[in-house]
Amino acid sequence: MLTIKVVGGAVPETRFRFYGTMKMMHVFCILFLFLQLSLTGASESGIVGGNVAKPHSRPYMASLQFQEAHSCGGILIREDFVLTAAHCNNEQAMTAVLGAHNIKKKEKSQQRIEVAKRHPHPKFKKDGHQYDIMLLELKNNATLNTYVKIIGLPKSDEDLPARVKCEVAGWGRTGQTKPISNVLKETTESTQFSRECDHIWKEYFVSSRMICTTFDKKKGGVCQGDSGGPLICKGELQGITAFTSSCNCNDPTYPHVFTQVKSFLPWIKEVMKK
C-alpha cells in the first residue's frame, strides 16, 4: 500500500495504491481525516518528537495563519517575500507572523504582515504534489532585527549526498492525534539515497525536484501541517516540507519528501524581480 499525505495547508492530497487489502480500513480512516481538514480550510502543524527551539534562534521562520490560526510554515527570504509550499494556498486572507516563538502569545517580537499576493508555481495543480512551491508577497516589508531575519537561497548547485544531517522546524502537532504545540520545535533528519525514495514512492518522487530524508523514530521529524517549513542542510536552505506517509508520518519506512529549492531558483528570482 502506498499513500501520500501533504503535511499542511488547505488543500491536502491523498493518492492510493493497494497491494493487498490488509490495511484498507485504516486507509479509509485516513481519508476521512483528510476530508475533515479540507473542510476546515486549514490544518495544524508540528514536529513529532524533537526539542523546543531556543526562542528566536530561527528568525527566518514564519507562521502562516488564516483567521489567526496557524496553518503552515514559511521561510522569509527577502524583506517582502516568504517562501512556502503551494498546497498551503487558501482563498481566505492570509497573514505571515514573523519573529514568533510562542504563536499563542502576543509577543513584542512578533510582526504580523498581511499577504498581498500569492505566487504558486504555474505548474502546480491542487490535486497534485509536484512543483509544490509558492512565493508570498507581503503587503509591507518586514523590519529586520534580532528577531526577524532573512535566510539566503542556496548558492551551491551540487546535489546533496546521502546521509547529510539536516534541520527541520515547525509549530503544532507532536503526533497525528496529539494537540498542537504553541512553541517552535525542531529536530534533525538525514538525506536519503534517491534510489530508495524512487523504490518506495514510485512516480510520486522526482529526484530532480525533490529531496527525501530518513529519520530516527525516537527523535521524530516533520508531520501534519509542517508544510512550507525549511529543510536546512550544511547551513543552507535546501528544501521545503512537502509530504509524508498518510498512515504514520513517524514511520521511518516512508521517507519524508521536500521540494528542492535549488531546482526553482530561476523561477524564484524572476518572480521577486517583477
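Side chains included, hydrogens not; waters and symmetry mates left out as well; all remaining heavy atoms used. In this text the structure is predicted, and so the values were computed from the model without any measurement.
- A salt bridge links Asp80 and Arg78; the closest N-O separation between the charged side-chain nitrogens and carboxylate oxygens is under 4.0 Å.
- With a 4.5 Å cut-off on side-chain heavy atoms, Ile133 and Ile268 count as touching.
- Rounded to the nearest 0.5 Å, atoms CG (Leu64) and OG1 (Thr95) are 9.5 Å apart.
- Side chain to side chain, Gln192 and Arg163 fail the donor-acceptor criterion of an N or O pair below 3.5 Å.
- Side-chain atoms of Ser109 never come within 3.5 Å of backbone atoms of Ala100 as a donor-acceptor pair (strictly under, hydrogens ignored).
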Show your working on side-chain contact (heavy atoms from CB on, under 4.5 Å) between Thr188 and Val168 and close with a plain yes or no.
CA-CA 6 Å; Thr188 58; Val168 293; over 6 Å; no
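- Between the CD1 atom of Ile103 and the CE atom of Met61 there is a distance of 10.0 Å, given to the nearest 0.5 Å.
- How far CG of Leu231 is from CG of Leu237: 8.0 Å, rounded to the nearest 0.5 Å.
- Among residues two or more places apart in sequence or in another chain, the side-chain contact (heavy atoms from CB on, under 4.5 Å) test is passed with Glu91 by none.
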Can you list the steps and then say if Ile75 with Ile151 is a side-chain contact (heavy atoms from CB on, under 4.5 Å)?
CA-CA 8 Å; Ile75 311 150; Ile151 187 171; 3.3 Å; yes
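- With hydrogens and angles ignored, the 3.5 Å screen pairs no side-chain donor or acceptor of Glu167 with any backbone N or O of Glu186.
- Here Asp159 pairs with Lys262 under the side-chain contact (heavy atoms from CB on, under 4.5 Å) rule; sequence neighbours left out.
- Because its NZ or CZ atom is not both nearer than 6.0 Å to the ring centre of Phe264 and within 45° of the ring axis, Arg209 does not count as a cation-pi partner of that residue.
- Residue Met272 comes nearest to Leu135 through the heavy atom pair CG-CD1, 4.3 Å, listed as atom of the first residue, atom of the second, then distance.
- Residue Ala62 comes nearest to Val82 through the heavy atom pair CB-CG1, 4.3 Å, listed as atom of the first residue, atom of the second, then distance.
- Using a 4.5 Å heavy-atom threshold, the side chains of Phe258 and Ile240 count as separate.
- Between Tyr131 and Ala86, the shortest heavy-atom contact is O-CB, 4.2 Å.
- A distance of 11.0 Å separates CZ in Arg118 from SG in Cys88, rounded to the nearest 0.5 Å.
- Relative orientation of the Phe81 and His119 rings is tilted, given thresholds of 30° and 60° on the angle between their planes.
- A donor-acceptor contact shorter than 3.5 Å is absent between the side chain of Asn51 and the backbone of Ala53.
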For a side-chain contact (heavy atoms from CB on, under 4.5 Å) check, start with the C-alpha distance between Leu98 and Arg112, then their side-chain angles and the critical distance, and finish with the verdict.
CA-CA 6 Å; Leu98 307 170; Arg112 302 182 63 88; over 6 Å; no
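- The backbone N or O of Asp216 lies less than 3.5 Å from no partner atom in the side chain of Glu189, so there is not a single donor-acceptor pair.
- With sequence neighbours left out, the side-chain hydrogen bond (donor to acceptor under 3.5 Å, both in side chains) criterion links Ser263 to Gln260.
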Please test Thr143 against Asn145 for side-chain hydrogen bond (donor to acceptor under 3.5 Å, both in side chains), starting from the C-alpha separation and ending with a verdict.
CA-CA 6 Å; Thr143 300; Asn145 53 35; over 6 Å; no
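- Using a 4.5 Å heavy-atom threshold, the side chains of Thr244 and Tyr254 count as separate.
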Evaluate the criterion side-chain contact (heavy atoms from CB on, under 4.5 Å) for residue pair Cys212 and Phe205; output intermediate values, then yes/no.
CA-CA 9 Å; Cys212 74; Phe205 181 76; 3.8 Å; yes
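- Between Ile77 atom CD1 and Ile150 atom CD1 the span is 9.0 Å, to the nearest 0.5 Å.
- A 4.5 Å side-chain heavy-atom check between Asn89 and Phe124 finds every atom pair outside the cut-off.
- At distances below 3.5 Å, at least one donor-acceptor pair connects side-chain atoms of Asn250 with backbone N or O atoms of Lys217.
- In plain terms, the two heavy atoms of Leu160 and Cys233 that are nearest each other are CD1-SG, 3.8 Å.
- Residues satisfying the side-chain hydrogen bond (donor to acceptor under 3.5 Å, both in side chains) test with Glu107, not counting sequence neighbours, are Gln110.
- For the atom pair Lys234 NZ and Cys166 SG, the distance stands at 9.0 Å (nearest 0.5 Å).
- Between the side chain of Thr191 and the main chain of Pro161, a donor-acceptor pair closer than 3.5 Å is present.
- Trp201 places a side-chain N or O within donor-acceptor distance of the main-chain N or O of Pro255, the cut-off being under 3.5 Å.
- The two residues Pro154 and Val261 have their closest heavy-atom pair at CD-CG1, 3.7 Å.
- Counting only distance, with no hydrogens or angles, the side chain of Lys202 and the backbone of His199 share a donor-acceptor pair below 3.5 Å.
- By the 4.5 Å heavy-atom criterion applied to side chains, Leu83 and Tyr60 are not counted as neighbours.
- Inspection of the His87 and Ser227 side chains reveals an N or O donor paired with an N or O acceptor under 3.5 Å.
- Annotation: ring-ring contact (aromatic ring centres under 6.0 Å, His included) contacts involving residues 142-162, sequence neighbours excluded, comprise His56-Tyr147.
- Pairing each heavy atom of Thr187 with each of Gly50, the nearest pair is CB-CA, 3.7 Å.
- When atom types are taken as modelled, the side chain of Thr259 and the backbone of Asp132 share a donor-acceptor pair closer than 3.5 angstrom.
- With Gln130 as the partner, the side-chain contact (heavy atoms from CB on, under 4.5 Å) test is satisfied by one option alone out of Met210, Lys123, Lys125, His121: Met210.
- Ring geometry, Phe215 versus His256: the interplanar angle falls under 30°, so the pair is classed parallel (tilted spans 30 to 60°).
- Pairs engaging residues 133-145 under the salt bridge (Lys or Arg N to Asp or Glu O under 4.0 Å) rule: Glu114-Lys139 [sequence neighbours left out].
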